[in-house]
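Positions are given from 1 along the sequence. All heavy atoms count here, side chains included; hydrogens, waters and symmetry mates do not. Atoms within a ligand are numbered from 1 in the order they appear, just like the ligands themselves.
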Amino acid sequence: MQKRKRIITFGTFDLFHLGHVRLLVRAAQLGDHLTVGVSSDAFSQRKKGRRPIYNERERMEIVASCKPVDECFFEESMEKKRDYIVNYGADILVMGDDWVGKFDNFSDICQVVYLPRTTGVSTTELLDGIAHARQASA
Ligand code: C2G
């Protein structure tokens, strides 16, 4: 019998949008089991220099409810990434191509795949759009 292929991916998934959905759907299609590391609030703050709009419990609940996702955990730091990959038994690490090259150092323990980002949508653009809409209606 062929071994089940386990996929792992990581992200903040704040103001969950189509870019996130499409990343998760395509990641899941590469194997049989998808694990998602959702950035903790403290890690997000360090990574992006601001607190996410949705807190970590809300972001985790949203990601965990997605059909392609089998299990989730909180990602607490970049430094723990190697341990996460090993502990969750991942065969493939998947990230969007904004991270291209950044995780090649894990190719000694798993396959590393960068998928093209969905164009025209991002949490930052959503935040800008909301700010503009509020200004326009003020
Ligand atoms: N993504 C995408 N298309 C978009 C926006 C995001 O494919 N339009 C992908 C990103 O490339 C990433 C995933 O969706 O693979 C999650 O994106 P973010 O929430 O922005 O995650 P990020 O803060 O980049 O966290 O350890 C690495 C990090 O935790 C990644």
Best match, Met95, Arg59, Lys81, Lys102: closest heavy atom to atom 26 (O) of ligand 1 = Lys81

With a cut-off of 6.0 Å (strictly less than), are more than 12 heavy atoms of other residues, nucleotides or ligands near [atom1] of [X]?
X: Lys5; atom1: NZ; result: no
X: Arg50; atom1: CZ; result: yes
X: Arg57; atom1: CZ; result: no
X: Glu76; atom1: CD; result: yes

Restricting to non-hydrogen atoms, name the atom on [X] and the atom on [Y] that form the minimum distance, rounded to 0.1 Å.
X: Asp108; Y: Asn105; result: OD1-O, 3.0 Å
X: Ser39; Y: Glu56; result: O-CB, 4.4 Å
X: Leu34; Y: Asp70; result: N-OD2, 2.7 Å
X: Asp97; Y: Pro116; result: OD2-CA, 3.3 Å

Which protein heavy atom lies closest to [atom], and at what distance to 0.1 Å?
atom: atom 3 (N) of ligand 1; answer: Thr118 N, 3.2 Å
atom: atom 13 (C) of ligand 1; answer: Leu23 CG, 4.0 Å
atom: atom 29 (O) of ligand 1; answer: Glu75 OE1, 2.7 Å
atom: atom 7 (O) of ligand 1; answer: Arg117 CA, 3.5 Å

Could an N or O of ligand 1 be found under 3.5 Å from any N or O of [X], whether backbone or side chain?
X: Phe10; answer: no
X: Lys47; answer: yes
X: Val121; answer: yes
X: Asp14; answer: no
X: Thr9; answer: no
X: Phe43; answer: no

Please work out whether the ring planes of Phe10 and Tyr84 are parallel, tilted or perpendicular, with thresholds of 30° and 60°.
-> tilted

Assign the ring pair Phe16 / His20 to parallel, tilted or perpendicular, where the plane angle (0 to 90°) is split at 30° and 60°.
-> tilted

Near-ring test Tyr88/Phe73, centroid separation under 6.0 angstrom =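 Yes, ring centres under 6.0 Å apart.
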
Can you sort out which atoms of ligand 1 are near [X], meaning under 4.0 Å from one of its heavy atoms?
X: Gly96; result: 11 (O), 15 (O)
X: His17; result: 5 (C)
X: Gly11; result: 16 (C), 21 (O), 25 (O), 29 (O), 30 (C)
X: Lys48; result: 20 (O), 22 (P), 23 (O)
X: Asp98; result: 10 (C), 11 (O)
X: Met78; result: 26 (O), 27 (C)

At a 4.0 Å cut-off, with the gap strictly under it, does some heavy atom of Arg22 reach an atom of ligand 1?
->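 Contact absent.
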
Heavy atom of Ser39, distance to ligand 1 below 4.0 Å | yes

List the steps, then state whether side-chain hydrogen bond (donor to acceptor under 3.5 Å, both in side chains) holds for Tyr114 with Asp104.
-> CA-CA 10 Å; Tyr114 302 100; Asp104 290 355; 2.6 Å; yes

